Amino acid sequence: MDRNPSPPSSEAEEGGVGDAVGNTVYSKHWLFSILTRLIEVISPEKTEPAVSPEGIQTELDEEMENDICKVWDMSMDEDVASFLQEFNAPDIFMGVFAKSKCPRLTEICVGILGNMACFQDICMSISKDENLGQVLLQRLCDSDSPTLLETSRLLLTCLSQPEVANVWVERIRENPSVYDCVCFIMSSSTNVELLVKVGEVVDKLFDLDEELMLNWIKNGTCRSVGQSVDDSPEELPDFKIVPCILEAAKQVRSDNPEGLDVYMHILQLLTTVDEGIQAIVQAPDGGKETWSLLYDLVCHELCQPDDPPIIVQEQKTVLASILSVLSAMFASQTDQEYTKMRKNMPLIGSLIRILQYMEGCGKRSVDNSKESEQQETGRAGLNEEDFHLKILKDICCELLSNMLQELTKENTLEGLHQGHLNEQTCSCAFQNLLPLYFASVESFLEVLREADQTLADNLEKRFPNLKVQA
């Protein structure tokens with residue numbers, strides 16, 4: 001069904017005055033009757049036309065599906081969620097997870113729990129139930145995409161609540177099967193909505209706990225993922241985290257910009273530890289696949305010449321993540337063929353264009369003087385947009401300075417010929433790199449003098465503090 005039916009009011013149900021749940025118009029009597037029917041649905045004694053050999057329903061009849069979907073809608077209300085908690089709905093749902101062979105029923109029950117977990121006290125109760133926690137993690141091994149999506153939403157909701165986040169981090173750390181199931185989803189699913197939500201879970205986990213991230217980086221040995229949907233053990237391949245992230249990123253890049261942002265941030269988090277950088281650059285291909293994907297995004301998709309400068313505002317976080325990973329790879333893999341400058345002049349051009357767009361995006365300049373920054377910090381700090389733009393500028397300048405230092409006369413001539421280097425782009429680069437990256441600019445200017453003396457002289461006139469020995 002395309003959308004869930006509207007929930008019933010207490011006036012439309014038996015019970016009359018006093019039957020309302022909290023301050024809502026929803027009926028206690030009706031809700032209780034649905035919970036009772038839910039118990040009956042998973043009871044082995046009850047048989048229906050669509051049953052499995054064990055006597056358990058494999059499909060919901062239309063009436064029951066409509067009613068349980070109403071509960072799903074209603075559970076977004078805190079009073080209803082509290083009522084469900086009071087009448088042990090989570091325990092009933094555990095019975096569903098253990099006995100039901102109906103994917104739609106499992107999906108709805110996980111979805112209801114996800115709604116209930118939006119409320120702090122209920123989330124704490126759900127999270128501290130060790131049995132329920134283990135059962136929910138097992139849902140990540142489900143073969144049903146809608147159930148996986150609702151499970152991921154529930155996990156993200158719990159991980160986003162500081163009071164219980166550590167409970168889930170520890171639980172996940174102690175369950176190796178979670179790694180395998182998540183990697184399997186990222187590497188094989190074509191469901192973009194699911195991939196985005198699973199990515200958000202991984203991103204949150206890595207952000208919360210470096211130890212867990214390190215464990216997942218080092219992972220890769222084969223192991224059983226526990227019980228699959230049909231209660232038979234399932235062996236998964238020898239997953240490595242980086243290829244799985246890349247595969248998911250490729251799936252979401254065209255259809256979901258927010259999803260691409262998520263996966264690029266996961267890669268950036270990996271580069272915050274040496275083990276993560278090594279996992280990227282010591283892959284069987286030496287990191288070529290990662291570099292190629294990120295290079296393609298920067299040079300051919302993001303912040304393009306026909307985009308308005310304001311686009312940098314929209315793409316600032318994903319650009320910062322991508323450039324951060326490229327910078328870490330460039331610094332550690334200068335011997336790899338893909339980092340050779342003769343192949344990366346378009347990347348230098350893209351970096352300068354990003355800096356040009358930041359100057360012309362119509363927003364407050366991100367390179368405020370130290371004095372104005374201190375004044376801002378004294379009040380409320382840089383606003384969020386300026387803060388993220390400043391991060392992007394810093395990362396962009398660091399990578400650009402490192403790349404300029406590697407340029408030869410031949411590379412520079414090629415950049416001039418291709419249009420990536422000219423007086424305008426070089427002036428923009430110098431303006432942003434100086435004075436912090438003085439040595440890099442001076443080194444590049446010396447090479448430029450060999451390739452185009454007139455251009456080098458013009459730049460020296462515009463930046464008189466640069467002194468290059470002829």
Side-chain angles (χ1 to χ4, degrees), residues 2 140 143-153 156 181-207 239-271 279-280 283 285 287-329 338 343-344 346-347 349-351 353-354 357-358 361 388-389 392 395-396 399:
D2 293 330
L140 288 172
S143 60
D144 180 61
S145 290
T147 297
L148 289 171
L149 177 60
E150 293 308 320
T151 303
S152 301
R153 283 176 171 157
L156 185 61
C181 295
V182 167
C183 283
F184 181 74
I185 294 168
M186 291 193 296
S187 63
S188 63
S189 178
T190 58
N191 184 320
V192 171
E193 188 178 8
L194 172 59
L195 287 171
V196 173
K197 196 58 60 178
V198 167
E200 289 175 340
V201 171
V202 174
D203 188 42
K204 191 68 176 179
L205 282 171
F206 286 4
D207 196 37
F239 288 119
K240 298 292 185 183
I241 189 69
V242 173
C244 295
I245 293 170
L246 293 179
E247 188 58 38
K250 292 174 186 176
Q251 285 289 335
V252 304
R253 66 183 287 187
S254 300
D255 299 325
N256 196 299
E258 293 78 11
L260 180 63
D261 199 343
V262 168
Y263 279 99
M264 293 303 100
H265 190 252
I266 294 173
L267 282 177
Q268 182 185 6
L269 287 174
L270 293 182
T271 65
I280 294 172
D285 65 352
K288 182 179 179 180
E289 185 180 1
T290 303
W291 183 274
S292 297
L293 173 62
L294 304 190
Y295 176 97
D296 190 50
L297 287 168
V298 174
C299 295
H300 301 128
E301 286 193 23
L302 301 172
C303 215
Q304 292 301 290
D306 56 350
D307 288 328
I310 196 69
I311 195 70
V312 76
Q313 284 282 359
E314 178 184 330
Q315 298 174 351
K316 57 185 176 291
T317 56
V318 68
L319 281 169
S321 295
I322 292 171
L323 298 185
S324 182
V325 177
L326 287 172
S327 185
M329 293 182 70
Y338 60 76
K343 296 187 174 184
N344 284 301
L347 180 55
S350 295
L351 294 175
R353 183 168 59 252
I354 291 169
Y357 280 13
M358 279 194 281
C361 69
H388 286 295
L389 280 174
L392 174 57
I395 295 170
C396 189
L399 177 55

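Remember, it's a predicted structure, so these values are computed and weren't measured experimentally.
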Gap between atom [atom2] of [Y] and atom [atom1] of [X] - 0.5 Å precision:
X      : Y      : atom1 : atom2 : value
Leu246 : Leu293 : CG    : CG    : 6.0 Å
Glu200 : Leu195 : CD    : CG    : 11.5 Å
Leu148 : Glu193 : CG    : CD    : 12.0 Å
Arg353 : Cys396 : CZ    : SG    : 10.5 Å
Leu260 : Gln315 : CG    : CD    : 9.5 Å
Ser350 : Glu301 : OG    : CD    : 12.0 Å

Hey, is the main chain of [Y] close enough, under 3.5 Å, to the side chain of [X] for a donor-acceptor pair?
X      : Y      : value
Ser187 : Phe184 : yes
Ser321 : Thr317 : yes
Lys197 : Leu194 : no
Tyr263 : Val252 : no
Asp307 : Ile311 : no
Asp144 : Thr147 : yes
Gln304 : Leu302 : yes

Close side-chain approach of [X] and [Y], heavy atoms under 4.5 Å:
X      : Y      : value
Leu294 : Met264 : yes
Leu140 : Ser152 : yes
Tyr295 : Lys343 : no
Val201 : Leu205 : yes
Ser189 : Gln251 : no
Asn191 : Leu149 : no
Val198 : Met186 : yes
Ile354 : Met358 : yes

Considering non-hydrogen atoms only, spot the tightest contact between [X] and [Y] and give its length.
X      : Y      : answer
Ile395 : Ala320 : CD1-O, 3.5 Å
Val312 : Leu392 : CG2-CD2, 3.8 Å
Pro305 : Tyr357 : O-OH, 3.3 Å
Leu319 : Cys303 : CD1-CB, 4.3 Å
Ile241 : Cys183 : CD1-SG, 4.0 Å

field: Evaluation steps, side chain to side chain contact (heavy atoms under 4.5 Å, CB included), between Trp291 and Asn344
entry: CA-CA 11 Å; Trp291 183 274; Asn344 284 301; 3.5 Å; yes
message: Against Ile245, only a single residue in Leu270, Ile280, Val202 fulfils side chain to side chain contact (heavy atoms under 4.5 Å, CB included); can you say which?
response: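 Answer after filtering Leu270, Ile280, Val202: Leu270.
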